[in-house]
Amino acid sequence: MALAGLSLAARHDSPAMAVTSVTQSAREAVEADRFAIAPAQKIRIGCIGIRNRGGTVLKAFLKNPDVEIMGIADVRADRREAVKQLADAHNGHSRCSTHIEMDELLSRNDVDAVLIATGDRWHAPASIKAARAGKDIYCEKPVGMTIDLCQRLDREIDRAGVVFQAGTQRRSQAHFAAAVDMARSGMLGKLEHVEASIYQLVDRHDWLPAQPEPAADVIDWDRWLGPAPWRPFNQAYVDGGWRGFHDFDSGARLLDWGAHTLDLCQWAAGQDGSAPIRWEPLSIAGDNVIEGVYDNGIRVTLRKSGWQGMGTCPVRFNGSEGWVETGDSGRLAVSHDRLKQDLPGPIDKGTDPNVHVRNFLNCVKTRRLAAANNAVVRSSHVACHAAAISWILGRPVTFDPVTESFAGDDEANRLRFRVARSGYRV
């Protein structure tokens, strides 16, 4: 349930229209929400699936005095207890409830918004459930395991009229915004080529050895699997070792970083609401390299190595008169001295979600579109999935960003979907 008396001031009919208000100026998109709204009204948060990354984001929520944690839903007993302890210490009372089943938490009228930080397989289904329950949503990325789920999530958010923020927090970091400004303002000349870092790609289809399944009140294995196909329990999966397995991961791990970095490239290239029209996987000195091109001729490269040492999640924007590269260090590297004159010093760290969380909380109160709203992440995630499908198939693909499908390519189009396990379909 959104905060009482508040509703989204306006909705938009297309992703391209929806992103306009958050991409008019890169620096404005960051700076406009640095102010703190006085905590006149508490935002009541429910938590779903909180472990390593989720714990980091939850602590960013707890830095805000206008936040109250109302409950935690998690299939692991140890995580339910750990989150409740954090919440009780922040709230100053012990009324934070614990649940194995997220539907119990979502049915509560005293929950305004949810933080979803499960594994990838649950992001879209949990967000769709939350939207249908009228909750505002902060969801970790990748927000959908397939192109189909990203499309469905976007439609459900618009239909429900709730605020949505994806955990692509680099949209809210000032040094990334400064690099985007350089690309969009003409400082680099005509933008010709954008580059995004990605992990080593992995697409495993094997199973880890079966281990005795714990009691459901300790770890509910069936709910942990959720929409993913059944396989026997192994503790390594629930401790984070699910990454790289096709049934649990998004796009052969491409979206782990690509959801951040290709998103920034789309922002810099003015391609929010669109996607490259062609992708081709390459192998350069054993590196993961995928090349693409937008319909306006701007090239895009996804690659793992060869960066300038600007920290994790680096991106590079190349124009006819120079280039800029930045990453999570907060530093910016440029091609020549003329560009150095207007460079800011280290501004912030891209791995810090505090500004992004505050942007979400402000939007819950004002009903504005968030920096990484559903339309923005739909297009950047769809672009990532299209690139991953090209890599998985090991060949070029042609993509239509309007229909979000592959032209005359049944094999690639089948990979836009996955069938959810019975009992966990939304």
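Predicted model, so just to flag it, every value in this text is computed and none were measured.
To the nearest 0.5 angstrom, Leu361 atom CG is 13.0 Å from Lys63 atom NZ. The distance from atom CZ of Arg44 to atom CG of Asn109, rounded to the nearest 0.5 Å, is 8.5 Å. Taken to the nearest 0.5 Å, the SG atom of Cys47 stands 10.0 Å off from the CG atom of Asp74. Taken from CG in Leu58 to CD1 in Ile45, the straight-line distance is 9.5 Å, to the nearest 0.5 Å. Here the CD1 atom belonging to Ile43 is positioned 7.5 Å from the CG atom belonging to Asp112, to the nearest 0.5 angstrom. Taking CG of Asn374 as the reference point, atom CZ of Arg155 lies at 12.0 Å (rounded to 0.5 Å).
Between Asp136 and Lys365 there is no salt bridge, since none of the side-chain N atoms of the basic residue sits less than 4.0 Å from a carboxylate O of the acidic one. Electrostatic pairing of Lys84 and Glu81 does not count as a salt bridge here, judged by no charged N lying under 4.0 Å from a carboxylate O. In summary, Asp263 and Arg170 do not engage in a salt bridge, as defined by a charged side-chain N under 4.0 Å from a carboxylate O. Between Arg378 and Asp158, no side-chain nitrogen of the basic residue sits less than 4.0 Å from a carboxylate oxygen of the acidic one, so the salt-bridge criterion is not met. Classification of Asp66 and Arg358 as a salt-bridged pair holds, one side-chain N sitting under 4.0 Å from a carboxylate O. Salt bridge Asp409/Arg416: absent, no basic N to carboxylate O contact under 4.0 Å. Using a 4.0 Å cut-off between charged side-chain N and carboxylate O, Asp110 and Arg95 make no salt bridge. Between Asp247 and Arg418 no salt bridge is recorded (no basic side-chain N to carboxylate O distance below 4.0 Å). For the pair Asp287 and Arg303, the salt-bridge criterion is not met [side-chain N within less than 4.0 Å of a carboxylate O].
Between His246 and His205, the ring planes are parallel. Angles under 30° get that label, and only those over 60° would be called perpendicular. In this pair, Tyr237 and Trp221 present their aromatic rings parallel. The plane angle is below 30°, not in the 30 to 60° band.
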Query raised in the report: Can you list the steps and then say if Leu255 with Lys141 is a side chain to side chain contact (heavy atoms under 4.5 Å, CB included)?
Result: CA-CA 8 Å; Leu255 279 84; Lys141 57 81 197 166; over 6 Å; no
Query raised in the report: Please walk me through it: do Val397 and Trp279 pass side chain to side chain contact (heavy atoms under 4.5 Å, CB included)?
Result: CA-CA 5 Å; Val397 296; Trp279 289 107; 4.0 Å; yes
Report task. Evaluate the side chain to side chain contact (heavy atoms under 4.5 Å, CB included) criterion for residues Cys150 and His385: first the C-alpha distance (whole Å), next the side-chain angles of each, then the deciding distance (0.1 Å), finally the verdict. Result -> CA-CA 10 Å; Cys150 294; His385 279 299; 4.0 Å; yes
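The shortest side-chain heavy-atom distance between Tyr138 and Leu115 falls under the 4.5 Å cut-off. Proximity of Leu339 to Leu188: side-chain heavy atoms (C-beta onward) are separated by under 4.5 Å at one or more points. Under the 4.5 Å side-chain criterion, counting only non-hydrogen atoms from C-beta, Met70 is not in contact with Leu105. The shortest side-chain heavy-atom distance between Thr301 and Glu195 falls under the 4.5 Å cut-off.
Applying the side-chain hydrogen bond (donor to acceptor under 3.5 Å, both in side chains) definition to pairs two or more places apart or across chains, those involving residues 118-128 are Asp120-Ser250.
Minimum heavy-atom separation, Trp391 to Pro281: CA-CB, 4.0 Å. The minimum heavy-atom distance linking Gly226 with Tyr424 is given by the pair O-CD1, 3.3 Å. Shortest non-hydrogen contact noted between Ala269 and Leu191 is CA-CD2, 3.7 Å. When every heavy atom of Ala383 is checked against every heavy atom of Pro276, the shortest pair comes out as CB-CD, 3.8 Å. Taking every heavy atom of both residues into account, Leu332 and Met182 meet most closely at CD2-SD, 4.4 Å.
At distances below 3.5 Å, at least one donor-acceptor pair connects side-chain atoms of Arg152 with backbone N or O atoms of Val426.
With sequence neighbours excluded, the residues satisfying ring pair (Phe, Tyr, Trp, His ring centres under 6.0 Å) with Phe399 are Phe406. Here His99 pairs with nothing under the ring pair (Phe, Tyr, Trp, His ring centres under 6.0 Å) rule; sequence neighbours left out.
Between the side chains of His93 and Glu68, at least one donor N or O lies within less than 3.5 Å of an accepting N or O.
When each of Arg243, Arg231, Arg204 is paired with Phe248, the side chain to side chain contact (heavy atoms under 4.5 Å, CB included) condition holds for Arg231 and for no other.
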